[in-house]
Novice: 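Dumping the structure here so I can ask a few things about it.
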Amino acid sequence: GETSVDVAVCFSSLATVQVMKGVNTTPTTVAMKDLQVGDKVLTSKGTYQPVYAFGHYHPSRNAEFLQITTTQHDQTKETLEITSEHLVYRSGSTEPVRAGSIRVEDDLVTSEEKQAARVTKISTVTREGMYAPLTVDGTLVVNGVVASSYVALLNDVADEENMIQWNLLGVTVSQQDYVHLGLAPYRLFCQGVSSQLCNIRTNDGYPYYVAFAIEFTKWAHHLENPM
């Protein structure tokens with residue numbers, strides 16, 4: 001049967017990343033709708049890492065995105081289009097936070113060390129197409145700011161930095177680290193066995209491994225926190 005996953009984990013078709021096409025070349029700006037598996041994108045570490053898969057890829061589905069306009073350190077303006085549950089890096093926060101928790105006057109982390117981008121405006125827009133590229137370190141620089149490859153799977157977690165407390169295991173972990181760890185087998189499979197097989201997706205645009213992982217997380221969280 002079809003999965004019941006309903007988490008929109010994505011950037012819009014117009015969100016842009018920096019892609020390195022070859023050795024000793026200048027990076028080019030590429031829109032999400034044109035990004036491909038294997039493209040090397042700029043990440044939070046300042047290095048270019050290949051996109052090994054898309055955690056969500058649905059060119060024809062409409063979604064509502066936040067438009068987060070920032071003033072970069074060189075005074076240029078950038079507008080990031082991102083779903084509210086996607087994770088971004090805010091200055092002063094140890095772990096990435098939901099895009100929906102960002103406010104005007106917040107500072108977002110950029111790829112430039114010690115340089116932040118100031119949020120000057122937040123609005124919403126509906127666009128066609130949903131894209132969530134996955135990189136090895138789980139981050140990428142989108143429209144000048146550092147974002148996670150991941151989403152906050154559990155949106156009823158009260159902690160603003162999205163820490164999940166698993167009482168059964170006796171651990172507390174950030175959603176960023178939880179998803180990154182959970183995707184380790186998938187990363188290894190995509191990179192070492194078959195990138196083609198790992199990009200077979202459900203009708204909702206999720207790789208089957210990702211769809212299963214989302215449902216499993218919801219089930220396990222409900223088990224610990226019954227209504």
Side-chain angles (χ1 to χ4, degrees), residues 3 5-12 15 17 32 35 37 39 41-45 47 49-58 61 63-66 68 80-90 93-102 108-109 111 129-143 145-157 159-166 171-191 198-199 201-202 204-221:
T3 174
V5 168
D6 58 1
V7 181
V9 292
C10 45
F11 303 98
S12 84
V17 292
M32 285 291 170
L35 192 64
V37 170
D39 284 349
V41 301
L42 181 63
T43 73
S44 66
K45 298 186 185 304
T47 60
Q49 298 181 3
V51 173
Y52 69 83
F54 280 86
H56 201 184
Y57 186 93
H58 205 307
R61 182 72 63 83
E64 185 177 272
F65 298 92
L66 294 174
I68 301 176
L80 170 65
E81 295 187 352
I82 186 172
T83 50
S84 64
E85 295 305 311
H86 210 102
L87 298 171
V88 294
Y89 287 81
R90 181 177 59 197
S93 297
T94 307
E95 299 293 339
V97 301
R98 293 179 186 83
S101 72
I102 297 297
L108 301 184
V109 176
S111 59
M130 299 187 285
Y131 306 85
L134 299 176
T135 64
V136 175
D137 74 1
T139 69
L140 64 166
V141 177
V142 187
N143 292 98
V145 301
V146 179
S148 171
S149 289
Y150 311 137
V151 70
L153 291 178
L154 303 173
N155 55 18
D156 61 342
V157 175
D159 190 301
E160 192 176 53
E161 293 192 3
N162 307 300
M163 303 300 287
I164 309 174
Q165 187 171 345
W166 296 107
V171 296
T172 300
V173 64
S174 72
Q175 296 212 46
Q176 174 76 13
D177 290 343
Y178 170 78
V179 177
H180 194 66
L181 180 63
L183 284 177
Y186 182 65
R187 267 196 306 279
L188 291 172
F189 181 82
C190 292
Q191 293 181 286
C198 86
N199 278 286
R201 291 180 278 267
T202 69
D204 286 333
Y206 297 92
Y208 281 93
Y209 182 95
V210 173
F212 170 78
I214 292 172
E215 289 300 336
F216 174 80
T217 300
K218 288 179 177 178
W219 171 81
H221 185 63

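The model shown is predicted, which means the values in this text are computed figures rather than measured ones.
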Novice: Of all heavy-atom pairs between Ser101 and Arg90, which one has the smallest distance, and what is that distance?
Specialist: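 Scanning both residues, the minimum pair turns out to be O-NH1, 3.9 Å.
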Novice: The criterion is ring-ring contact (aromatic ring centres under 6.0 Å, His included); which residues satisfy it with His180, sequence neighbours excluded?
Specialist: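 Result, ring-ring contact (aromatic ring centres under 6.0 Å, His included) vs His180: Tyr150.
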Novice: Quick check: closest heavy atoms across Pro185 and Gly182, and the distance to 0.1 Å?
Specialist: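 Taking Pro185 first and Gly182 second, the nearest heavy atoms are CD-O, 3.4 Å.
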Novice: Taking the side chain as every heavy atom from C-beta outward, state whether Leu42 and Val17 have any atom pair closer than 4.5 Å.
Specialist: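 Not in contact.
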Novice: In Å, rounded to the nearest 0.5 Å, how long is the span from CG of Leu66 to CG of Leu80?
Specialist: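 Atom-to-atom, Leu66:CG and Leu80:CG are 8.5 Å apart.
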Novice: Please tell me if the side chains of Leu108 and Ile68 come closer than 4.5 Å, counting only heavy atoms from C-beta onward.
Specialist: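 Counting from C-beta outward, Leu108 and Ile68 do come under 4.5 Å.
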Novice: I'd like to check the side-chain hydrogen bond (donor to acceptor under 3.5 Å, both in side chains) partners of Asp177; sequence neighbours left out, ordered by chain and number.
Specialist: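 For Asp177, the residues satisfying side-chain hydrogen bond (donor to acceptor under 3.5 Å, both in side chains) (neighbours in sequence not counted) are Ser174.
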Novice: Angle between ring planes, Phe11 versus His86, binned at 30° and 60°: parallel, tilted or perpendicular?
Specialist: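 Rings of Phe11 and His86: tilted, as their planes differ by 30° to 60°.
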Novice: Who are the side-chain hydrogen bond (donor to acceptor under 3.5 Å, both in side chains) partners of Ser148, not counting sequence neighbours?
Specialist: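 By the side-chain hydrogen bond (donor to acceptor under 3.5 Å, both in side chains) rule, Ser148 matches Gln176.
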Novice: Atom CE in Met130, atom NE2 in His58: separation rounded to 0.5 Å?
Specialist: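 Going from the CE atom of Met130 to the NE2 atom of His58 covers 6.0 Å.
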Novice: Which distance, rounded to the nearest 0.5 Å, do you find between the CG of Leu134 and the CD of Gln49?
Specialist: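 Going from CG on Leu134 over to CD on Gln49, the span is 12.0 Å.
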Novice: Kindly determine whether Leu183 and Tyr178 satisfy side-chain contact (heavy atoms from CB on, under 4.5 Å), including the steps that lead there.
Specialist: CA-CA 9 Å; Leu183 284 177; Tyr178 170 78; over 6 Å; no
Novice: My understanding is that only residues two or more places apart in sequence, or in another chain, count here; which of them pass side-chain hydrogen bond (donor to acceptor under 3.5 Å, both in side chains) with Ser44?
Specialist: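 With sequence neighbours excluded, Ser44 shows a side-chain hydrogen bond (donor to acceptor under 3.5 Å, both in side chains) to Thr139, given in chain and number order.
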Novice: How close do Ala99 and Ile82 get, heavy atom to heavy atom, and via which atoms?
Specialist: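 What the structure gives for the nearest pair is CB-CG2, 3.8 Å.
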Novice: Might you point out which heavy atoms bring Pro133 and Ser149 nearest each other, and give the distance in Å?
Specialist: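 So the minimum-distance heavy-atom pair works out to O-OG, 3.1 Å.
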Novice: Kindly indicate whether the side chain of Val97, heavy atoms from C-beta on, has any atom under 4.5 Å from the side chain of Leu87.
Specialist: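 They are not in side-chain contact.
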Novice: I need the minimum non-hydrogen distance between Ser84 and Arg98, along with the two atoms involved.
Specialist: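 Heavy atoms of Ser84 and Arg98 come nearest at O-CB, 3.6 Å.
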Novice: Test of understanding: with ring-ring contact (aromatic ring centres under 6.0 Å, His included), list the residues that count as partners of Phe65, not counting sequence neighbours.
Specialist: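 With sequence neighbours excluded, Phe65 shows a ring-ring contact (aromatic ring centres under 6.0 Å, His included) to no residue whatsoever.
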Novice: If you look at every heavy atom in Val146 and Ser111, which pair is closest and at what distance?
Specialist: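 Heavy atoms of Val146 and Ser111 come nearest at CG2-N, 4.1 Å.
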Novice: Nearest 0.5 angstrom please: Tyr57 OH to Met32 CE, how far?
Specialist: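 Between atom OH of Tyr57 and atom CE of Met32 there are 11.5 Å.
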Novice: Go through the structure and list residues passing ring-ring contact (aromatic ring centres under 6.0 Å, His included) with Tyr89, not counting sequence neighbours.
Specialist: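 Per chain and number, Tyr89 pairs via ring-ring contact (aromatic ring centres under 6.0 Å, His included) with no residue.
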Novice: Would you call Val41 and Val141 a side-chain contact if the rule is heavy atoms closer than 4.5 Å?
Specialist: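 They are not in contact (no side-chain heavy atoms under 4.5 Å apart), so the answer is no.
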